[in-house]
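See below for the structure under consideration.
Every number for a ligand or one of its atoms is a count from 1 in the order of the listing. Note that the coordinates shown come from a computational prediction; the quantities given were computed from them, not determined experimentally.
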Amino acid sequence: VTADAGEQPFVAHRHHLDLYRAARAAGWSDRRWVEAVTELDQRVAAVDGTGLRTTPVVPVATATGPVLAKVETGNVAGSHKARHLFGLALDLAVAGEPAGRELAIASCGNAALAAATVARAVDRPLRVFVPAGADPAVVDRLAGLGARITTSRRRPGERGDPCVRDLHQAIAAGARPFTVQGALCPAAIDGARTLGLELARQLGPADPAGQRSTDDTALARQLGPADPAGQRRPAGTGSAGGPRHLFVQVGGGALATATMEGLARAGAAGGVVLHPVQALAAHPFVAAWRRLLAWRGLRHDPPDPLEAGPEVAALMEPWPTEPRSVATGILDDVTYDWLPVASWTLRTGGWPVLADEATLLQAAAEAAASATPPPDATGAAGLAGALTARREGTIPPGAEVVVLLTGVDRSWEAAHRRDRR
Ligand SMILES: Cc1ncc(COP(=O)(O)O)c(C=O)c1O
C-alpha cells in the first residue's frame, strides 16, 4: 500500500463540515478557507514530513476471509487522530483564539502525538497530562515537539483516569482543551468526519443494485476493475450483497462517532451496520451498552440514547480496575462519547464485539501482511472484532466487512522512521 496522493480532506469535504460553516458564518470566503487549510497542511508537513491526504482503502486477507480496511497508519503522526486535531487547529483560527493561551490534552499515545504535532505546526503552547506508565519513547517525542509534560498519578482507590482529572483542573485554570473528546471539543469530532466522508466515496453504495460515483480516479485505481454489475470492489472481498458490517475500535468513542457521522453526511450510513469493538480485558462501553439494553427493555418506546437525558448518561461508569490490554490506545476508563456510539449502534441495527488478547495480536499480525505502515494491536482492534464476529458466526457468512486500521506499530515506525523535523 502506498499513501494515496489524493486530496486534502478538509478541502475535498469542506461543504460537509460544521467548521467550514462556522468559518463562512464568521465572514470567511471559500477561498480563505482553502488557503487556511493549505497553509496549515504545509505547516503540519514541515513538522511531520507529511500533510493530511485521503487515505487508502485496501483488501486485507485474513484466516476468516478478506476484509476491506481504511489505512490511517501512514497519516500525520501515525494515526487518524491528526484528523481530530487538524479540526481543532482550524477551530482556533476561525474563533480568533489568542496565540498565547495554553492548549491541554490528556493522553499518552496517538492523540498526544497528533496534538503535539499540530500545536507545533501552529506554534502554540501545549500541555500534555500523561500517566505514570507512559511509554518513555512517546514522552521523549512529545518533549521533542515542545509539549509541556505533566505525569498524572492515580490516587489510592480512585476511579477514573487521573490524566483526565488533571486536564479538567488545567481547563478550570484557563487552558483551552485540545483533546479528542467530543463533549469537551466538538470540533474534534467534526475533523474526523472526513474519515467517514472519504470512506463513503471509496466504498460506494452497499446495495449491489445501487450506483456509485465513478469520477474518483484515485479510488478507481485502489479498487481495481469494475465487476459486471458496475460495482468497484477490490477483488475477492467476499461481498454477498446486503449491508456492510463496519467494525470500529472504541476508546473514548470519538472515532466511531465521527466515522458514522461522516458516512451519514455523505448519505452512506444507510447500508452500514456498526460494531463498536473493545478489548475483552477492559470494556466500559460494552458494560454501559448492556445496562442500556436492560434499561430499554423495561420501556415501551425507549428514546434514542442521545435524547434520553441524565438517567441514561449515568449508565456509563468508569472501568472498575486499572484497564490493561495489548490494545493500549483504547483503554480509556470511560467512553466519553458513548451516547452517540450507542445511538449509531442501535440505529444501524448493530451490536458491540469484544476481542480477546490473542485475537487482538492476531489481527495486528494479519493486517501487517497487507497494510503498510503496519498497525499495532490498537490500530487493528476493529479487525480483531471482525475476526471474532466471523469466528462466532454472528454476522452472515460472506457479508462485506470494513475495518479501520487506525494507528501505526510504533516499534516498526522507529525502525523505518520517516524524515521528521
Ligand atoms: C490507534 C487508535 N485507534 C482507535 C482509537 C480509538 O478512538 P476513540 O478514543 O476516539 O474511540 C485510538 C484512541 O483512543 C487510537 O489511538
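- Residue pairs meeting the side chain to side chain donor-acceptor pair (under 3.5 Å) criterion with at least one partner in residues 261-274, sequence neighbours excluded, are D18-R265, R193-E261.
- In summary, the aromatic rings of H283 and W319 are positioned with their centroids under 6.0 Å apart.
- With sequence neighbours excluded, the residues that form a side chain to side chain contact (heavy atoms under 4.5 Å, CB included) with A12 are E7.
- Applying the salt bridge (charged side-chain N to carboxylate O under 4.0 Å, His left out) definition to pairs two or more places apart or across chains, those involving residues 143-156 are E102-R148, R154-E322, R154-D333, R155-E158.
- When E400, R390, H275 are each tested for a side chain to side chain donor-acceptor pair (under 3.5 Å) with H245, only one passes: H275.
- Protein residues lining ligand 1, listed by chain and number: H80, K81, N110, Q249, V250, G251, G252, G253, A254, L255, G329, I330, T378, T406, G407 [non-hydrogen atoms, distance under 4.0 Å].
- Atom CG of residue L387 and atom CD of residue E366 lie 5.5 Å apart, to the nearest 0.5 angstrom.
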